[in-house]
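Reviewing the structure listed below.
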Amino acid sequence: MTPITATALPPTQVAHAVPWADLVSHRTYLVRFAQRRLHDPMLAEDLVHDVFEAVLSGRASFGGRSALRSWLTAILKHKVVDLIRQRAGTVSLDDGDDEEDGPGTPCPLPRPDERAEQRERLTRTLARIEALPAGLRDVMRLRVLQDESTDAVCQALSISEDNLFVRLHRARRQLLS
């Protein structure tokens with residue numbers, strides 16, 4: 001396959017050719033990333049396909065200022081946000097059509113009984129996480145509660161990425177049962 005290059009870049013920005021094999025090597029990570037946010041495997045696959053299509057068509061060009069995975073993830077994040085906005089039917093707040101002195105968009109605060117319910121639910125969930133077996137509890141603490149990166153969790157627990165995802169799946173399944 002031929003490398004991917006940018007079509008029109010400013011002279012100060014040089015595009016780096018990205019071989020197809022390098023793009024595809026990040027596919028699994030990108031699909032998992034999208035699935036965690038969308039909870040729909042087919043939609044996640046579609047968005048990753050859209051990312052690759054944008055790169056291949058030249059609508060996105062790799063400037064080499066970051067790691068390839070970071071760049072692809074950033075494109076995917078924007079596609080996820082666009083999809084969520086499209087599905088929610090919202091308009092951007094940056095349109096400039098609103099009055100400067102007008103009231104802001106109200107953000108309803110939860111009622112006291114709703115807050116108490118949320119606290120109880122959180123307390124129960126944290127207690128259930130603590131009751132998990134050690135291997136499952138550790139991955140839930142690090143990956144979900146502390147929002148550590150996949151690589152950091154794998155390194156801290158000396159496990160493979162696949163094993164991490166298996167443990168997360170089992171922990172979530174036990175928490176839901």
Side-chain angles (χ1 to χ4, degrees), residues 1 3-10 12-98 104-108 118 122 125 129 139-157 159-169 171-173 175-176:
M1 271 235 149
I4 299 164
T5 58
T7 53
L9 289 174
T12 58
Q13 183 180 359
V14 178
H16 291 81
V18 180
W20 174 250
D22 288 351
L23 285 177
V24 174
S25 69
H26 298 289
R27 183 190 162 282
T28 304
Y29 168 80
L30 294 170
V31 169
R32 286 181 184 154
F33 179 89
Q35 284 178 347
R36 282 195 315 255
R37 278 145 184 85
L38 299 172
H39 306 292
D40 183 347
M42 297 306 290
L43 194 55
E45 290 280 351
D46 288 346
L47 282 183
V48 171
H49 173 79
D50 290 348
V51 168
F52 288 156
E53 184 179 319
V55 172
L56 290 173
S57 69
R59 287 181 283 146
S61 55
F62 183 57
R65 293 183 308 263
S66 66
L68 179 61
R69 180 176 282 190
S70 300
W71 179 70
L72 292 170
T73 304
I75 296 171
L76 182 58
K77 282 180 186 178
H78 289 289
K79 293 209 175 277
V80 168
V81 169
D82 290 345
L83 177 73
I84 291 171
R85 284 184 183 151
Q86 177 187 4
R87 286 190 165 190
T90 60
V91 293
S92 175
L93 296 176
D94 297 330
D95 289 341
D97 295 339
D98 300 333
T105 305
C107 182
Q118 289 172 354
L122 178 62
T125 302
I129 289 173
V139 297
M140 287 299 287
R141 279 183 186 161
L142 294 171
R143 184 70 183 108
V144 177
L145 298 177
Q146 296 176 8
D147 200 27
E148 293 287 335
S149 70
T150 299
D151 294 334
V153 174
C154 290
Q155 193 172 31
L157 299 177
I159 59 174
S160 69
E161 187 174 310
D162 289 336
N163 189 271
L164 170 67
F165 289 112
V166 167
R167 289 183 186 193
L168 282 171
H169 172 73
R172 288 179 179 133
R173 193 175 64 208
L175 289 173
L176 291 174

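Just so you know, residue 1 is the first one in the sequence shown, and it goes up from there.
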ask   = Excluding sequence neighbours, so at least two apart, what forms side chain to side chain contact (heavy atoms under 4.5 Å, CB included) with D82?
value = R85
ask   = Can you name the nearest heavy-atom pair linking R172 to V144, along with the distance?
value = NH2-CG2, 3.8 Å
Derivation of the side-chain contact (heavy atoms from CB on, under 4.5 Å) call for L72 and V48 = CA-CA 9 Å; L72 292 170; V48 171; over 6 Å; no
remark   = In this structure, CG of D46 is separated from CD of E53 (nearest 0.5 Å) by 10.5 Å
message = Quick one, R27 with E45, criterion salt bridge (charged side-chain N to carboxylate O under 4.0 Å, His left out). Give me CA distance, side-chain angles, the key distance, then yes/no.
response = CA-CA 9 Å; R27 183 190 162 282; E45 290 280 351; 2.7 Å; yes
ask   = Can you check whether V51 reaches L47 side chain to side chain, under 4.5 Å on heavy atoms?
value = no
task = Kindly compute the distance separating CD1 (I129) from CG (L145), expressed to the nearest 0.5 Å.
result = 4.5 Å
task = Side-chain contact test, heavy atoms from C-beta onward, threshold under 4.5 Å: evaluate it for I84 versus V80 and give yes or no.
result = yes
side-chain hydrogen bond (donor to acceptor under 3.5 Å, both in side chains) against R37, all qualifying residues, sequence neighbours excluded = none
ask   = Who passes salt bridge (Lys or Arg N to Asp or Glu O under 4.0 Å) against R143, sequence neighbours left out?
value = D147
Only distances under 3.5 Å count here; give the side-chain donor-acceptor pairs of residues 29-36 to other protein atoms, sequence neighbours excluded, each with its distance to 0.1 Å.
unit_1: R32; atom_1: NH1; unit_2: E161; atom_2: OE2; d: 3.0
unit_1: R32; atom_1: NH2; unit_2: D162; atom_2: OD1; d: 3.4

task = Return the set of residues passing side-chain hydrogen bond (donor to acceptor under 3.5 Å, both in side chains) with E148 (not counting sequence neighbours), or none when no residue passes.
result = none
key: Point-to-point distance, once rounded to the nearest 0.5 Å, from SG of C154 to CZ of F165   = 7.0 Å
Distance in Å, Q155 CD paired with T150 OG1, rounded so as to fall on 0.5 Å steps = 12.5 Å
message = Just so I know, are the side chains of I159 and V139 near enough to count as touching, which here means a heavy-atom distance under 4.5 Å?
response = yes
task = Start with the C-alpha distance between L175 and M140, add both sets of side-chain angles, then the distance that settles side-chain contact (heavy atoms from CB on, under 4.5 Å), and finish with yes or no.
result = CA-CA 11 Å; L175 289 173; M140 287 299 287; 3.5 Å; yes
ask   = Considering only heavy atoms from C-beta outward, does the side chain of D50 approach that of L76 to under 4.5 Å?
value = no
query = For N163, what residues pass the side-chain hydrogen bond (donor to acceptor under 3.5 Å, both in side chains) criterion, not counting sequence neighbours?
reply = R167
